[in-house]
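Worksheet: the structure to be examined is printed underneath.
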2 protein chains.
Amino acid sequence: MSLSPVAKELSIPVIKTACSNCNLRELCLPFGLSEEEMARLDELINVRKRVKRGEHLYRAGQPFESIFAIRSGFFKTDVLLEDGRDQVTGFQMAGELLGLDGISTEHHSCNAVALEDSEVCYIPFSRLEQLSREIQALQHHFHKVMSREIVRDHGVMMLLGTMRAEERLAAFLLNLSQRFTARGFSHSEFNLRMTREEIGSYLGLKLETVSRAFSRFQEEGLIAVQQKHIRILDIPGLKQIMSHHSH
Amino acid sequence: MSLSPVAKELSIPVIKTACSNCNLRELCLPFGLSEEEMARLDELINVRKRVKRGEHLYRAGQPFESIFAIRSGFFKTDVLLEDGRDQVTGFQMAGELLGLDGISTEHHSCNAVALEDSEVCYIPFSRLEQLSREIQALQHHFHKVMSREIVRDHGVMMLLGTMRAEERLAAFLLNLSQRFTARGFSHSEFNLRMTREEIGSYLGLKLETVSRAFSRFQEEGLIAVQQKHIRILDIPGLKQIMSHHSH
DNA sequence: CGGGGGGTTTGATCCATGTCAACCGCAGCG
DNA sequence: CGCTGCGGTTGACATGGATCAAACCCCCCG
């Protein structure tokens, strides 16, 4: 888990993993830390890893030792039931943390798969705990991140428990749009990294239903879809669908 | 939020809130702490409160300052959508923590309502953070508790996203049974504290569907239902239903 | 002891979404 | 450059659970 042999041998100046010069620091763990505190966090995070599209970052059941911060790319997490059913529990993008579910049992409880070529920082958990005993701001921010995950999950439960298909998809698109915006991308135009089936799994729908809902939104002029490319044309319209609870 | 005036005036020896003599300590925050560490945790938890059946412990939007440990009783948490829809996000019993979702925004994100007369310990959050900077075991255990909440939520997402009505109810009953067992109650006989409607809300079903599923289980000899009283007759049978994924 | 009301059960019907199947279209590869 | 195959779209039909409605049961209260 240290620098690659090749890099060592050739003395290639390896880009140092450093929160302090990461452009995602406002979205990620270092949020709110002073320069000096961030330097200490940097010390702890010295492994970066590339994960190619389709590869697993970790699998359910593996021993948990690190959480991961996504530097670039896009992931999904999913859980598998004994009988073969599975469900996507989330999609994660740059600046978000992966692996928090592993803390509870010291084993990962889900699979994390890259949906495009990605890069992550390893954050050894016991060292993170150690540092967060010393840096209050880090501790507090970490707690907020975990709590936010819980709130997010409640939102998904709400979606799965009370919304109809088109409401779910509208909520999903608006959520993506908002997260892309926070990362400086266009809020109205992006490429989906996941298939219709993966969207469906996340939203508790079949892929055909997802596809039909996309078509319907397009007919109504709310979005323009072309395969994985999405343009959002009418954000208020989508919001209205989300809360249009007709029945 | 301190001792009641009456108690003060009459110098009634008020039962001290003390984790060290709470019979739920193995299920609650103090898990794994030494005597001395537990004593320090005791210092921090000096407010207990009774919450009558039907009363709110907190409401969505209120400022967050404490988490709560349930000493006795039974709660539900629910979230409300703007359009009036709501969903029960969980049922909590003795030894479990309430309020973790409030950390992220420093405001509670859901309502917590007592489903029977209950008693909770206030755990001021900033002091908990302070203490967990000093006691590693406390810090680690707290992280595990938050992580467990995330894992639990993923389980509910799975349930809502992939299971059919009877599977959901079977999973729900088995979960309750298991939690009652962990608290030393019968695993096969208990009283539901919530209505059919609340169960339905939690499981993403209508109350009629919940009622029908109960009746079906009874016909098949899996359980005996009489109003809120449940006897579980065939745990393996229920487990089989849960994973019988026929379609 | 006789209402009254909230919670529950049960039946009849409807509808959103699942299922099955055919076809399309783009991307990757020989 | 034309297969080949995966992912996506669309249609026809099936069905699980929602909806609407009625009746029931138990508990509380007068």
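Computed from a predicted model, the values in this text were never measured in an experiment. Chain letters run A, B, ... following the sequence lines, proteins first and then strands; every chain starts at 1.
Regarding Glu219(A), its CD atom lies at a distance of 8 Å from the P atom of dT10(D), rounded to whole Å. The distance from atom CZ of Arg212(A) to atom P of dT9(D) is 11 Å, rounded to the nearest whole Å. When rounded to the nearest whole Å, the span between CD of Gln226(A) and C1' of dG7(D) equals 15 Å. Atom CG in Leu169(B) sits about 11 Å away from atom P in dT9(C), given to the nearest Å. Put simply, CE on Met163(A) is 17 Å from C1' on dA16(C), counting in whole angstrom units. If you measure from atom CZ of Arg216(A) to atom P of dT17(C), you get 11 Å, rounded to the nearest angstrom. The CZ-C1' distance, from Arg164(A) to dA18(D), rounds to 10 Å in whole Å. Regarding Leu203(A), its CG atom lies at a distance of 11 Å from the P atom of dG18(C), rounded to whole Å.
Using a 4.0 Å cut-off, some side-chain N or O of Thr209(B) falls inside it from OP1 or OP2 of dA18(D). Considering only side-chain N and O atoms, Lys228(B) lies nowhere under 4.0 angstrom from the phosphate OP1 or OP2 of dG7(C). Of the side-chain N and O atoms in Ser211(B), none sit less than 4.0 angstrom from OP1 or OP2 of dT8(C).
In this structure, Leu205(A) and Val225(B) both approach DNA chain C, and ranking their closest nucleotides by distance from the 5' end singles out Val225(B). Residues Gln227(A) and Glu208(B) both approach DNA chain C. Their nearest nucleotides, taken by heavy-atom distance, put Glu208(B) toward the 5′ side.
The ring of Phe185(A) has its center no closer than 6.0 angstrom to the ring center of Phe190(A).
Residue Thr195(B) is classed as a sugar-phosphate contact, given heavy-atom separations below 4.0 Å to backbone atoms only. Nucleic acid contact class of Gly200(B) (heavy atoms, under 4.0 Å, all strands): none.
The one candidate from Glu116(A), His229(A), Lys228(A) that meets the side chain to side chain donor-acceptor pair (under 3.5 Å) condition with Asn191(A) is His229(A).
Between Ser104(A) and Ser147(B), the shortest heavy-atom distance links the atoms N-OG, 2.9 Å.
The existence of a salt bridge linking Glu96(A) and Arg152(A) is excluded, since no basic side-chain nitrogen approaches an acidic carboxylate oxygen closer than 4.0 Å. Under the 4.0 Å criterion applied to side-chain N and carboxylate O atoms, Arg212(B) and Glu208(B) are not assigned as salt-bridge partners.
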